[in-house]
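Each residue takes its place number in the sequence, starting with 1.
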Amino acid sequence: MAFAATLAALTEELVEVITTTSSQSDPGRFNVLKESSLRRLRQHNFLRTNQFDVEEKLNGFEEHFRVVNRDGLADALRERLDALERISNKWTPDILDLLLRLEDQPVQKSKLSDLALLKEPEDDPGPPLKWEDIAREEGWERDGDLWKSVDFDRYSSDDEYFERASDLSSEAEITTASTVEAQYQKSPADFLVNSSDEHSLDQVQQTQLWRNASPLKDGTGRPQKITISEFQALREVLFMLNGLENTLFDAEGNPLLRFQLKHTSWEVYKALLSSFSEAGRCLSILREFTKQPQNVPLLQVFREAVEDRLQSFDKNISKLQSRYVDIQQDIVVSLARVLDDVKPHLQPLTCLSDIIQQLQRSKYPRPFHYLELLFDAATVMQLEGRDVVYGFLATLFFECFQIYLRSIRRWMEAGELIDGDKAFFISSSSSQVPMSQVWTDQFTLRKTTDGMLYVPRFLQPAASKILTTGKSVVVLKMLGKYQPPSSQLSEPPLELNKDFASTCGVFAPFSEVFADAFEKWMESKHHAASTTLQRTLFDSCSLWSVLDTLHHVYLMSDGSQSDTFAFAIFNNIDLLNANWHDRFNLTALAHEAFGTLATAHRIAVSVHPDGLGDGVKDIRRSVRRGLPFIKVLYRLSWPIRIVLSDESLSQYQAAFTFLLQLRRATYVLHKHRLVSDSIAGTTNTSSDQAIYYGLRTRFLWFCNTLHSYLSTLVLGPLMAQLHKTLQQAEDVSAMTTSHSAFAKQMIGEMCLGGKLDPIRECILDMFDLTIRLQDARQLESEREQEEVQELSRLSVMSSPMKHKSRRYVKSGEEEDETFLFDQDRTLMMQDTEKTFVEVLSEIRAEYDRHLKFISSGLRGVARASGDTAAGKWDTLAEMLEVGIQERR
């Protein structure tokens, strides 16, 4: 089918290219041309191109070129043929054959110069750049004074030099005014400042002597502290906060203890410097972080954000310095006052410094780890009531999160991953997977080596929905139903506005506010994709019809159709048909039984090879042989396989097998019926027959009870619930989860789970007892038939008109029994060495024991288990206890 579809598509393209006719412009003519072309292509009888003939013709051309003295063409042809051998594929002979068929006198018309046309033209570098061209363009050649040598007279004084430089400068301004650039050019001499205020220079130098002063020693020889003014200390502190070199602090921000303030105790001075030193160390951590190169975009934006915060802090320090440089009013020089002024600006940066230290201490930090630290720190600051720091960290978090949001937005809108993005938590399979496995295997959540999700902690609740949305877009693209989001649709904002910290932060935790905002942003993209895909699965892919077919075939919701299919299989087994497992026959039976379903042609039935080892006689005696290996395959389209997983289909198969085994027991019990004694001509009131009918009645009751439980209390309610949950599902992932939960719950309530294996085996033993009971009855009937025939032979002369008495006849008298009668029926019967009464006694004992075990086992498991199916198990136990009480 795939080849036919590909051939049809290529033929349509070929017809459209050659005839310039499309299905839209002229549908009638296009269809005629398409069908005729397809017919010719399908029915052609041409063989493949003979590669040896092609090679021989090409070698002949080479030889011909050399004969006519065109060795250049021959060498060029041989060179290209040798190069072609290294890159050839299976289509190379066909392509060369096509070129040979298109040739036109190559010996006469071929030119060696034409090969140069096949080469790509080289880029023209253009004319070389020369200083003469630059001088001509800039006007240097017209400026004669530009190239004059300056006369540096060693005997001239400085005053003469300044005068000469001033004259040269003025002259240059006059002579070089020919161009706009030269008009505004200044020479180095213009930046010299002529200052003769030696007194002011001495004052400046005197104020800086403390930097290099040697400490004096007291009478004991100990060095004394160098005293400085508070203004000098203030200048050094502000320089340190700006990250500049200073004298009071070393490169690491530690205070130097050889200085002391005037009129201030050593303890107070040391405490003030320690406070500033701690702030300086935090700032140095931030400044060092901004100098480190980053290759990951997520970390690059964080470094840039830190740089912006540091620049903002430096501007605030510069404004603080301007108070003491450009004094407009009286101001008190106080280190304590400065510490109070810078503390509000330092607190957010100190917290940010702690975050960077935690990031650097991490052994294997993930690229988004700093986002987690910012998120947690903002939450803590909000709880502590530090609104300024909270607003600072929250703003920084949302600013950096926008880069991480790009990957999420592209995945949710276009179903695409950014190449090389190792920070994103969704990964794609490196190998190509089948379309039916795209949903489950192509894209997965990335995990760490210890099995944890590679997702920021604050995004873990939404990771599954993000993955589902992107996969929905991918599947829609594969189905041809994808529509890009309109640019006019605006998404909910995901940023920290000016009222966020004051309004939302006061009344709700930051984590909840972010979760709510992100949920609204995500829902704007999730709803459209999920709704479109759900509608496509239900409408275009007929999901409801597929589910209805599965319920008919696997769960046998239509008893009439299921009996038709199952009874045909049982009949072949009872007839000891060695070909009962023929897959063509089984598939034909299924198509005939379920022919009213629209998709019955997709059903295929076969027997697993493991089930072919048992003989048909052994299969007839037990429901454990043969029947469990009957596999029903319903071919599903790949979009439907998204909802119906392989595990769910295997659970459908398990339910089908159990229901088939139940029907086998029911079929055996209903296969024969009793003809009334008046019709048979004899009356039989023997106790063994009474025991037999009593057991048959109990087995019928057991099978009917189990069938009623499965159909009315398990399958019916579960299927109704499944339809309801699928209609209310939020997205395809929820639909898949709902269907998987339905299949799992169905297996549990049908007593097919791992916890109930002993009980299930006991139920199968009950089914085998029904076959044993009917075999015993059939064997007894054969013995009676032999006795009647012997009596008839002896009394044929005395009562020739008396007909043979039969107690049992088949449920269908028209059934062909010739094959069965040809077999040795005693070989397929059980208990041939025991009497009828002994077999009935054993069956009755086994029945009582199994029924008690099933009932008590279900009751015990229901009470001990917390499974949702425990209530149903308890109900089934109550239904079966009725048979135990009646027996008592």
Side-chain angles (χ1 to χ4, degrees), residues 554-556 566 607-611 613-614 618-619 621-632 645-666 668 698-699 701-711 713-715 717-718 739-772 843 845-881 883-884:
Y554 287 96
L555 305 184
M556 303 184 181
V607 178
H608 196 273
D610 294 342
D614 297 326
D618 297 330
I619 293 173
R621 294 174 181 175
S622 176
V623 297
R624 288 187 175 87
R625 297 183 179 181
L627 299 184
F629 298 99
I630 297 177
K631 305 298 179 183
V632 178
S645 63
D646 293 338
E647 182 181 4
S648 299
L649 293 178
S650 64
Q651 291 168 339
Y652 273 102
Q653 179 64 43
F656 168 80
T657 299
F658 186 70
L659 293 174
L660 188 66
Q661 291 169 331
L662 175 59
R663 269 177 162 70
R664 171 60 174 165
T666 306
V668 170
R698 292 188 183 93
F699 279 115
W701 168 84
F702 175 79
C703 293
N704 292 335
T705 301
L706 187 58
H707 187 273
S708 299
Y709 165 77
L710 294 176
S711 59
L713 297 180
V714 177
L715 299 179
L718 285 179
H739 186 267
S740 299
F742 156 78
K744 183 179 180 181
Q745 187 175 359
M746 174 186 68
I747 291 297
E749 294 183 2
M750 291 180 66
C751 306
L752 302 179
K755 296 180 181 179
L756 301 181
D757 279 343
I759 297 177
R760 178 174 59 86
E761 292 297 325
C762 195
I763 294 175
L764 297 181
D765 288 338
M766 294 285 276
F767 295 162
D768 286 343
L769 286 178
T770 61
I771 301 176
R772 184 183 179 188
I843 294 176
E846 291 290 327
Y847 173 85
D848 294 338
R849 184 171 61 86
H850 290 330
L851 186 61
K852 291 178 181 179
F853 177 80
I854 295 172
S855 179
S856 60
L858 287 173
R859 183 78 72 180
V861 174
R863 292 176 179 177
S865 175
D867 199 299
T868 55
K872 299 293 182 64
W873 298 339
D874 192 68
T875 302
L876 179 59
E878 291 182 359
M879 297 171 66
L880 296 178
E881 284 178 352
I884 300 175

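- Looking at every heavy atom in both residues, Phe699 comes nearest to Met766 through CE2-O, 3.7 Å.
- Rounded to the nearest 0.5 angstrom, Leu659 CG and Leu627 CG are separated by 12.0 Å.
- Heavy atoms only, all atoms of each residue included: Pro717 and Ser711 are closest at CD-O, 4.5 Å.
- Among all heavy-atom pairs drawn from Ala862 and Trp873, the shortest one is CB-CB, 4.1 Å.
- The minimum heavy-atom distance linking Pro628 with Thr657 is given by the pair CA-CG2, 3.5 Å.
- In terms of heavy-atom proximity, Leu876 sits nearest to Cys751 at CD2-SG, 4.0 Å.
- Note that NE2 of His707 and CG of Leu715 are 9.0 Å apart. Values are rounded to the nearest 0.5 Å.
- We find the CG-SG distance between Asp757 and Cys762 to be 12.5 Å, quoted to the nearest 0.5 Å.
- To the nearest 0.5 Å, atoms CZ (Phe702) and OG1 (Thr770) are separated by 9.5 Å.
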Apply side chain to side chain contact (heavy atoms under 4.5 Å, CB included) to residues Phe767 and Arg624 and explain how you reach the verdict.
CA-CA 9 Å; Phe767 295 162; Arg624 288 187 175 87; over 6 Å; no

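- Between Tyr554 and Phe656, the two ring planes are perpendicular [angle over 60°; tilted spans 30° to 60°].
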Verdict with reasoning, Asp874 to Arg859, per side chain to side chain contact (heavy atoms under 4.5 Å, CB included):
CA-CA 5 Å; Asp874 192 68; Arg859 183 78 72 180; 2.6 Å; yes

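- The shortest heavy-atom contact between Met746 and Gln651 is CE-O, 4.0 Å.
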